[in-house]
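Right, one structure below, let's go through it.
Below, chain A is the first sequence line, B the second, and so on; all start at residue 1.
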Amino acid sequence: MSATSAVSDGANLDAELHAHGDTHGHGSMRSYMIGFGLSVVLTAIPFWLVMSDVLGNATWTSVIIIASAAAQILVHTICFLHVNTQAEGGWTLVAYVFTGVILLITIAGSLWIMYHLNTNMMPGMMTGQAADMP
Amino acid sequence: METMAQGEHVDPSTFYLVEQDDHGHGTGSPTVLGFWIYLMSDALIFAALFATFGVLSTSYAGGPTPREIFALPLVALNTAILLFSSITYGFAMLSMERGRVRATQGWLLLTGLLGASFVGVELYEFAELIAEGATPQRSGFLSGFFTLVGAHGLHVTAGIIWIGVMLVQLNQRGLHLENKRRLMCLSMFWHFLDVIWIGVFSFVYLLGMVR
């Protein structure tokens, strides 16, 4: 009986060590170096494009800036924050995706609404509408 | 009947054991997940600040525009500092995994110093802007800019203080389970701040210069 309890104690301790993230979620040297290398490239590209005005085209420069930012956020999430389907039984990933959706709705929604509000309430527009009134 | 009852009594206990084992593999300490949820709610604060800045980003009120006041070399320097501090924190975590207290402290100290130089460069930038008359009161654009970038800077400052606390903790108690868990949370916090900074340098500075 005591032997059994000793064994189960040992198993519990092992489970506890395991559970406290001793073997999970730190990543490896390889993942950190890959993340660092990709981040350097994805930071250098947009800074280079803007600082030496390579493209001479604001729209394409903006598109590449936004794409690089999105890619780099993804790289940081995977290589540095170690978000994956296994960590915390998948709950970190669920929370992350949920937050991403809310974040996009908040930012894109605010910009969209306020842009139209601004456009429709420009002083010129108002007088124009007033002039059209009978 | 008797055996049935006994069987019923045994079954739940095995069921619980199985579930416990499952938890041990998947979830672990609730602190890490709880801290993650905090970080996600912090991300929503930044979402509100980004949205505010986005809406106000062209409200110059006759004041300075991004092209006139942003110094991209400084921003590039700060971006490099923060990226390097991310990888040094990664090295601290790898040293922690191998149980090397001194190495962990060394990498943490380097991370803290890089963080301090980031905040130093940012404060220098703010001082320059204010000296030029580009104060938060000048226009909606500058209010949004100072609030967003300042909030990020305050977070980094909090992270530096936390690193200082962890250095003392490691000195006194070494790498026990609680300290490892704290370092894990601080790791998430620090890398999270770097993610926020990607948004700041891309959407505030670079897109501001292109606009």
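The choice from B:V195, B:L206, B:L44 that makes the most heavy-atom pairs within less than 4.5 Å of chain A is B:L206. Listed options B:S41, B:S57, B:A76 were ranked by heavy-atom pairs under 4.5 angstrom with chain A; first place goes to B:A76.
Looking at A:M114 and B:L56, their side chains never come closer than 4.5 Å, going by heavy atoms from C-beta outward. Looking at A:F80 and B:W190, their side chains never come closer than 4.5 Å, going by heavy atoms from C-beta outward. Taking 4.5 Å as the limit, some side-chain heavy atom of B:F203 sits within range of a side-chain heavy atom of A:I66. Contact check for A:H76 versus B:L83: side-chain heavy atoms found under the 4.5 Å cut-off. Within the 4.5 Å cutoff, the side chain of B:F91 has heavy atoms near those of the A:M29 side chain.
Minimum interatomic distance between B:L72 and A:F47 (heavy atoms only, all atoms of both residues): O-CE2, 4.1 Å. Across every non-hydrogen atom of B:V55 and A:L111, the tightest pair is N-CD2, 3.5 Å. Residues B:A51 and A:I107 share a closest heavy-atom pair of CB-CA, 4.0 Å. Nearest heavy-atom pair, B:A47 versus A:L103, reported as atom, atom and distance to 0.1 Å: CB-CG, 3.7 Å.
In this structure, chain B has heavy atoms under 4.5 Å from both the backbone and the side chain of A:V40. Neither the backbone nor the side chain of A:Y115 comes within contact range of chain B; no heavy atoms are under 4.5 Å apart. Of the two parts of B:F201, only the side chain, counted from C-beta on, holds a non-hydrogen atom closer than 4.5 Å to a non-hydrogen atom of chain A. Only the side chain of B:I37 comes within contact range of chain A, judged by heavy atoms closer than 4.5 Å.
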### Task
List the steps and the verdict of side-chain contact (heavy atoms from CB on, under 4.5 Å) for A:V83 and B:W36.
CA-CA 10 Å; A:V83 173; B:W36 182 254; 3.4 Å; yes
### Task
Could you walk me through whether B:I87 and A:M33 pass the side-chain contact (heavy atoms from CB on, under 4.5 Å) test, one step at a time?
CA-CA 8 Å; B:I87 194 75; A:M33 291 321 286; 4.1 Å; yes
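At a heavy-atom cut-off of under 4.5 Å, chain B is reached by A:A58, A:T61, A:S62 from residues 55-63 of chain A, listed in order of number.
Relative ring orientation between B:H191 and A:Y32 is described as tilted, the plane-to-plane angle lying within the 30° to 60° band.
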